[in-house]
Amino acid sequence: MISVEEALARILSFVDVLEPETRPILDCLGQVLAEDVRSGIDVPPLANSAMDGYAVQASDTIGANANNPRIVRVIGELPAGHWTDDVVQSGTAIRIMTGAPVPHGADAVVQFEQTDEQARKAQGGAIGTVAIYKAAEIGQNIRSAGEDISRGQMVLSRGTALRPAEIGVLASLGFATVQVIRRPRVAILATGDELVMPGQPLPPAKIYDSNTYTIAALVQRYGGIPVILGIAEDRREELSQKIGEGRKADLLLTSAGVSMGDYDIVKEVLAMEGEISFWTVRMKPGKPIAFGTLTATSETGQARRVPHLGLPGNPVSTMVAFEQFARPSILKMLGRTTLAKPTIKAVLAEPIENRDSRRFFARAMVSRENGTFIARLTGPQGSGILTSMALANGLVVVPEDRQRMEAGSLVDVQMLDWPEDVATE
Ligand code: AMP
Ligand code: MG
């Protein structure tokens, strides 16, 4: 038996960061920048008003208060998105909207609330003057040019994973496309004579294929592109043909056929197509996994190796093994450097037995109670009970050398949904 860490290290040693591609920015959520991004412009490009109000010369407002307003003449109006060549001279003001560029001559904006704007409005704004009730400071309510980003500034560096904020920053710089590490295409193949696709009638002795769907959804969630190869019955030619299709991908994930007793055909076929080894990993669920490489030819005619991960067939085992091994592989291909699952400390609500010296990933629902994370198991933990995953938001990690963890003990929990979906009371 090998440890989870050893299995992962071996797998990752066959996984490479993929090449860059240029994509529309909105397609790049979760992808990693393959270039440094510098700004060609100031953001904002011009000094502009942070308030709806009057652009004035601050010196005209010295000593102003409610009883003793300063009256200035309104010489124009300026909505956002428009420029005026009119100059604010002493004794004058331009009515200005939020985001509009501050006209020449003005050095402050007095917000409407500090003027007689209400009364002016009541009269249709026809009055040619405005009363200012409060002295303005120079620069007040003015956002300077380049306040956010200045021209030439290095804004986002290569290696940054793009979140909504970074995508917004790219847009604010005027980028429609950007260079990122491309997404891996992950081929998914379910194996087993018993499998039927959802949407079909269910003949006796058959079950619906759920692994294809959990795997494809996980691939999507972690930034890969799922390529569904379908179901291969346990026959040589069919398996061989379907596995062959996996060569076009960056990673092949198969499910089932790797446990004792029935993996002979899968093993045989995989051995013909490339290299394969079968591992017993010191974990539960998900103990038997297969790992190998298929030999393939790249578009440029070069030989390349497509890593293949054979996940166990039981629906929970498939998902748990995916989280431990396939997720970090996908993230590595994407150019991510943080590969570990987000993990928190929580207090166990009930004891957990772990008698067979394997690392036990127990399905749990974590909630926050009185400021503490509490982990409760989601009922029966059989590896065929997929609803135990549906009820869980985390995996309690019971170390291989712990035979029992008492209620009240502090445990590591790998969060499946993190962090926005953790319930708080
Ligand atoms: P195996 O690894 O082939 O021995 O399969 C282990 C268990 O997982 C068996 O009960 C299979 O019926 C079940 N299983 C295998 N593949 C799938 C699948 N794609 N969807 C749901 N269950 C599966
Ligand atoms: Mg089988």
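Note that ligands are numbered from 1 as they come in the structure, with each ligand's atoms numbered from 1 the same way.
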Problem set entry | Heavy atom of Gly257, distance to ligand 1 below 4.0 Å | yes

Exercise. Going by the atom numbers of ligand 1, which of them fall below 4.0 Å from some non-hydrogen atom of Glu194?
Worked result: 11 (C), 12 (O), 15 (C)

Problem set entry | Residue part near ligand 1, for Ile207, under 4.0 Å between non-hydrogen atoms | side chain

Exercise. Which residues pass the side chain to side chain contact (heavy atoms under 4.5 Å, CB included) test with Asn48, sequence neighbours left out?
Worked result: Pro44, Arg143

Exercise. Does the separation of the ring centres of Phe291 and Phe325 fall below 6.0 angstrom?
Worked result: no

Exercise. Does Thr300 have any side chain to side chain contact (heavy atoms under 4.5 Å, CB included) partners at least two apart in sequence or in another chain, and if so, which?
Worked result: Ser298, Gln302

For this session: Using distance alone, decide if ligand 1 has a nitrogen or oxygen within less than 3.5 Å of any nitrogen or oxygen in Ala256.
Result: no

Exercise. Going by distance only, is there an N or O of Asp209 that falls short of 3.5 Å from an N or O of ligand 1?
Worked result: yes

Exercise. Considering only heavy atoms, does Ile231 approach ligand 1 within less than 4.0 Å through its side chain, its backbone, both, or neither?
Worked result: neither

For this session: Sort out for me which residue in Lys242, Gln241, Arg247 forms a side-chain hydrogen bond (donor to acceptor under 3.5 Å, both in side chains) with Glu245.
Result: Gln241

Exercise. When only distance counts, is Pro315 in polar contact with ligand 1, meaning an N/O pair under 3.5 Å?
Worked result: no

Exercise. Below 4.0 Å from any atom of ligand 1, is there a heavy atom belonging to Gly192?
Worked result: no

